[in-house]
Number of protein chains: 2
Amino acid sequence: MYDKTISSAVIKRLPRYYRYLGELLENDVVRISSKELSEKMNVTASQIRQDLNNFGGFGQQGYGYNVEYLYTEIGKILGLDKKYNVIIIGAGNLGQALANYTDFERRGFYICGIFDVNPRLIGISIRGIEIRLIDELEEFMKTNTVNIAALTIPKAKAPQVAADLVSLGIHAIWNFAPTDLNLPKDVMVENVHLAESLMRLSYNLKAAEESGESI
Amino acid sequence: MYDKTISSAVIKRLPRYYRYLGELLENDVVRISSKELSEKMNVTASQIRQDLNNFGGFGQQGYGYNVEYLYTEIGKILGLDKKYNVIIIGAGNLGQALANYTDFERRGFYICGIFDVNPRLIGISIRGIEIRLIDELEEFMKTNTVNIAALTIPKAKAPQVAADLVSLGIHAIWNFAPTDLNLPKDVMVENVHLAESLMRLSYNLKAAEESGESI
DNA sequence: TAGATTGTTAATCGATTAACAATC
DNA sequence: TAGATTGTTAATCGATTAACAATC
């Protein structure tokens, strides 16, 4: 099947469409036009139509979009019609917080393993999932299907652990370590760099204060 | 002082420059050219020079950039030469994980308060910071300087709590709740939408699998 | 000085917005 | 049918890359 590559600008917006449509669905809204949605979301109607038409024609002239249908279709585009087994590497505060976050399951992401180097954490269970020693990872990967690995370990260890995961067959890494991972191009990496996010906030806070002063 | 507005594309890249320069500094690298840096970071040298020149000329022809100087200057641009007092609203797993994350202090972000609605959490201390009942927030805000509020509460409560924070004088919100906050434009909001990040990963995983099949 | 590399202008590329014919 | 709204092409805008004169 031929897929023209979709720009990452479009991909970044898809989950937000999905969220708004989910809320409309909860509120029993049956149909919505690109114009109405654009007003709710603070984007242009043109952009919504352009974005959607990268994937097909989901609307109907004169009517708009059926909310439930569009929600389902965007879900499929995002791969949310599948189940994913997720392991968490690093059972520190953040790793445990992710493991405790039940909302991911609603979207099809199931935590099936948590690993750490610290022997003291071994045996502790989070929502029924026992923390295992990292040494058991290889054996675990052989006997379980794992689709995604969340990396919540210190920066210094991240590149090596990521490379190990790839050699064990992982193709998707959700990286919380504050470093870039250079992996083969068939391995997808999604970064969550909290420190960088906080720096953008402080930049904007500072910039807003300065522009406020000058006027 | 007149500041032309810097595009958000540039702002997004600044923390990454800062990170790479910090690493160079740790490795005692004294100078670097835009070309060398571009190779390390996988961006064009042109983009680096364009980005930096939004803020001033930090380099020297024929020499390149002094690593320590550029690191410091980007830090200033990002507002990292200041100290920020941060409160965390929501002492669940994620809120506690943020409170435990000591690395933020290194950049000047100090957690000074943690609040929750759950009375059972009251009195628990995280790194010496006691969790307080949300009812105490107003009084706390009157007697303390707070620059940033991290919002780690459920989606349903986020808009109201955010509005309350703004009325108490907060101008910067680090929003982890999976919802958009519509606040006055002098209030800066930086979103961290983990579920959306995970959806982008599953999109890319799926897209990579499909393109792999077709070839 | 000669070589290197910046700062900056110009060219290109891609993404967003506008417009409108198609059509439900 | 008439009105509404899509899907899609064309126009605009902004961001990225290339080129090069300035200069250390």
Side-chain angles (χ1 to χ4, degrees), chain A residues 2-17 20-21 24 29-74 77 200 203-204 207, chain B residues 2-17 20-21 24 29-74 77 200 203-204 207:
Chain A
Y2 170 72
D3 275 305
K4 77 167 183 302
T5 304
I6 310 292
S7 89
S8 71
V10 174
I11 306 310
K12 284 210 190 86
R13 287 190 291 264
L14 285 182
R16 188 159 177 262
Y17 292 139
Y20 273 83
L21 289 162
L24 289 168
V29 177
V30 173
R31 62 166 281 272
I32 193 155
S33 67
S34 59
K35 183 158 182 291
E36 286 173 281
L37 187 57
S38 77
E39 284 159 6
K40 279 186 192 295
M41 295 185 65
N42 267 309
V43 297
T44 63
S46 225
Q47 182 165 75
I48 293 175
R49 295 204 299 277
Q50 286 276 24
D51 283 353
L52 297 178
N53 279 90
N54 280 297
F55 303 98
F58 302 117
Q60 198 171 329
Q61 283 98 330
Y63 174 83
Y65 299 87
N66 177 284
V67 172
E68 186 170 7
Y69 174 69
L70 186 56
Y71 177 79
T72 307
E73 289 303 309
I74 295 181
I77 293 165
R200 285 192 289 273
Y203 171 86
N204 285 319
Chain B
Y2 170 70
D3 275 304
K4 78 168 179 302
T5 304
I6 310 293
S7 90
S8 71
V10 174
I11 305 310
K12 284 209 190 83
R13 288 191 290 264
L14 284 182
R16 188 158 177 263
Y17 293 138
Y20 274 83
L21 288 163
L24 290 168
V29 177
V30 173
R31 62 166 281 272
I32 193 155
S33 69
S34 59
K35 182 157 183 291
E36 285 173 281
L37 187 57
S38 77
E39 283 158 7
K40 279 185 192 294
M41 296 185 65
N42 267 308
V43 296
T44 62
S46 227
Q47 182 166 74
I48 294 174
R49 295 204 299 278
Q50 286 277 25
D51 283 352
L52 296 179
N53 278 91
N54 280 298
F55 303 98
F58 302 117
Q60 197 170 332
Q61 282 98 328
Y63 173 84
Y65 299 87
N66 177 285
V67 172
E68 185 171 7
Y69 174 69
L70 187 55
Y71 177 78
T72 306
E73 289 303 308
I74 295 181
I77 291 166
R200 284 192 290 272
Y203 171 87
N204 286 318

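All values below were derived from every heavy atom in this structure, side-chain atoms included, with hydrogens, water molecules and symmetry-related copies excluded. By convention in this document, chain letters (A, B, ...) are assigned in the order of the sequence lines, proteins followed by strands, and residues within each chain are numbered from 1.
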Self-check item: Watson-Crick or G-U wobble mate for C/dA4, both contacts under 3.5 Å
Solution: D/dT23
Exercise. Examine D/dT17: is either OP1 or OP2 under 4.0 Å from a nitrogen or oxygen in the side chain of B/Thr44? Give yes or no.
Key: yes
Quiz item: For the pair made of CG in B/Asn53 and P in C/dT5, what is the distance, rounded to whole Å?
Solution: 16 Å
Quiz item: Quick one: is B/Arg13 getting a side-chain N or O under 4.0 Å of the D/dT16 phosphate, OP1 or OP2?
Solution: yes
Quiz item: Out of D/dA18, C/dA18, D/dT6, which nucleotide sits closest to the side chain of B/Gln50?
Solution: D/dA18
Quiz prompt | Residue mapping more 5' on DNA chain C - nearest nucleotide basis, B/Gly64 or A/Val10 | solution = B/Gly64
Practice problem: Would you please confirm or rule out a distance under 4.0 Å between OP1 or OP2 of C/dA18 and any side-chain N or O of A/Ser46? | Solution: no
Quiz prompt | Short N-O contact, B/Glu36 and B/Lys40, less than 4.0 angstrom | solution = no
Practice problem: Would you mind telling me which of D/dA19, D/dT17, C/dA19 lies closest to the side-chain atoms of B/Arg49? | Solution: D/dA19
Quiz item: Ignoring hydrogens and geometry, is there a side-chain-to-backbone donor-acceptor pair from B/Arg13 to B/Gln47 under 3.5 Å?
Solution: no
Quiz item: Which nucleotide, C/dA15, C/dG7, C/dT5, lies nearest any side-chain atom of A/Ser7?
Solution: C/dA15
Quiz item: Does D/dG14 have a Watson-Crick or wobble partner in any strand here, with both distances under 3.5 angstrom, and which is it?
Solution: C/dC13
Quiz prompt | OP1 or OP2 of C/dA4 under 4.0 Å from side-chain N/O of B/Tyr65 | solution = no
Quiz item: For the side chain of B/Ala9, counting heavy atoms from C-beta on, which of D/dT16, D/dT6, D/dG7 is nearest?
Solution: D/dT16
Polar-atom pairs under 3.5 Å, protein N or O versus N or O of nucleotides 21-24 of chain C: list them with distances, or write none.
unit_1, atom_1, unit_2, atom_2, d
C/dC24, O3', A/Gln60, NE2, 2.1
C/dC24, O2, A/Gln61, O, 3.3

